[in-house]
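All values reported here derive from a predicted model rather than from experimental measurement. The first residue in the sequence is number 1, and the count goes up from there.
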Amino acid sequence: MRSLPLSPGHVALLGQLLRFGVVGTIGFLVDTAVLYAALQLGAGLYLGRVLSYVAAASGNWALNRAWTFRATGAPAARQWALFLLVNLAGFAVNYGTYALLVGTVPLAAAHPVLGVAAGSLAGMAGNFLLSRRFVFRAG
C-alpha cells in the first residue's frame, strides 16, 4: 500500500505541532519548578499552581512567539494578553485536572508533579488550536 506524500501545508503544521510540544515540555518544567518553589514559600497546592501556571504560560507565549509560530508583527503586550485570554479554556481543563487529582488521589497530593503533568497533557491540544487560530495567526 502506498502512502500519500504530505503537502507543504501539512508538513508546516506538523512542524508547528512538534515545536509547540517542545515548548510545552519546557513549560511543564517551569510550571513544576515554580509550583515547588511556591509550596516551599507556603502558597499551598492551589494558589501555588495558579502562580506556576501564569509563569509557565508567560514563558510558553514568549517561546511560541519566537520559535513555534514566529512573530506576526502583533504588539507583544497585546499578544501576551490575548494568549492568556484564549488559553483560559486550556487553563480550565489543565487546572481542573490538576485540582481533581491532588484533591482526590493521595499520590498526586504527595507528588503534585503528577497533577501538573496530567493537567498539561489535558490542556495541550486546545491550547495549540486556540493559539494557532487566534493569537499567532498570520496577517
Student: Could you give the distance from CG (Leu63) to OG (Ser58), rounded to the nearest 0.5 Å?
Tutor: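 Reported to 0.5 Å precision, the distance equals 11.0 Å.
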Student: Which pair of non-hydrogen atoms, one from Gly27 and one from Asn60, has the smallest distance, and what is that distance?
Tutor: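 Reported closest heavy-atom pair: CA-OD1, 3.2 Å.
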Student: Is there a path from Val116 to Val50 through hydrophobic residues (I, L, V, M, F, W, Y) whose side chains come within less than 4.5 Å of each other?
Tutor: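 Same cluster: Val116 reaches Val50 through Ile, Leu, Val, Met, Phe, Trp or Tyr contacts under 4.5 Å.
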Student: Check Leu45 against Leu39 and note the closest heavy-atom contact, atom names and distance.
Tutor: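 Heavy-atom minimum between the residues: N-CD2, 3.6 Å.
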Student: Looking only at heavy atoms, what is the nearest atom pair of Tyr98 and Pro112, with distance?
Tutor: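 Shortest heavy-atom contact: CE1-O, 3.9 Å.
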Student: As a quick check of understanding, evaluate side chain to side chain contact (heavy atoms under 4.5 Å, CB included) for Leu114 and Leu101, giving each step before the final call.
Tutor: CA-CA 8 Å; Leu114 299 174; Leu101 289 175; over 6 Å; no
Student: Looking only at heavy atoms, what is the nearest atom pair of Ala57 and Phe83, with distance?
Tutor: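 Of all heavy-atom pairs spanning Ala57 and Phe83, the closest is O-CE2, 3.3 Å.
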Student: How many angstroms lie between atom CZ of Arg70 and atom CD of Gln16, to the nearest 0.5 angstrom?
Tutor: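 The CD atom of Gln16 is 9.0 Å from CZ of Arg70, to the nearest 0.5 Å.
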Student: Kindly give the heavy-atom pair with the smallest separation between Tyr46 and Gly103, and that separation in Å.
Tutor: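 Here Tyr46 and Gly103 meet closest at OH-CA, 3.8 Å.
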Student: Between Arg132 and Leu13, is the side chain to side chain contact (heavy atoms under 4.5 Å, CB included) condition met? List the steps.
Tutor: CA-CA 10 Å; Arg132 188 170 193 275; Leu13 178 63; 3.3 Å; yes
Student: Can you see whether Asn94 engages Arg49 through a side-chain donor-acceptor pair at a distance of less than 3.5 angstrom?
Tutor: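 Judged by distance alone, the side chains do pair up.
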Student: When rounded to the nearest 0.5 angstrom, what distance separates CE in Met124 from CZ in Phe20?
Tutor: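 Here the interatomic distance stands at 7.5 Å.
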Student: To the nearest 0.5 angstrom, please state how far the CZ atom of Arg65 sits from the OG atom of Ser131.
Tutor: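 One finds 13.0 Å between CZ of Arg65 and OG of Ser131.
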Student: So, for Asp31 and Ser120, which heavy atoms are closest and what is the spacing to 0.1 Å?
Tutor: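 Scanning both residues completely, I find the closest heavy atoms to be OD2-OG, 4.4 Å.
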Student: If you round to the nearest 0.5 Å, how far is CG of Leu130 from CZ of Phe136?
Tutor: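 The CZ atom of Phe136 sits 12.0 Å away from the CG atom of Leu130.
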Student: Assigning hydrophobic clusters by single linkage (Ile, Leu, Val, Met, Phe, Trp, Tyr; side-chain heavy-atom cutoff under 4.5 Å), is Leu47 placed with Leu100?
Tutor: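 Each belongs to a different hydrophobic cluster.
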Student: Answer yes or no: is there a side-chain heavy-atom contact under 4.5 Å between Leu84 and Phe91?
Tutor: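 Leu84 does not reach Phe91 side chain to side chain.
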Student: Mind checking whether Tyr53 and Tyr95 have ring centres under 6.0 Å apart?
Tutor: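 No.
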Student: What's the separation between atom CH2 in Trp61 and atom CH2 in Trp80, rounded to the nearest 0.5 Å?
Tutor: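 So the CH2 of Trp61 and the CH2 of Trp80 are separated by 8.5 Å.
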Student: Identify whether Phe28 and Tyr36 are in the same connected component of the hydrophobic contact network (ILVMFWY, side-chain heavy atoms under 4.5 Å).
Tutor: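 Yes, because Phe28 and Tyr36 connect within a single hydrophobic cluster, where side-chain heavy atoms sit under 4.5 Å apart.
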Student: Consider only side-chain heavy atoms of I, L, V, M, F, W and Y, link residues closer than 4.5 Å, and tell whether Leu129 and Val135 are in one cluster.
Tutor: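 Same hydrophobic cluster.
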Student: Val93, Leu88: one ILVMFWY side-chain cluster at the under-4.5 Å cut-off?
Tutor: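 In one cluster with Val93: Leu88, no.
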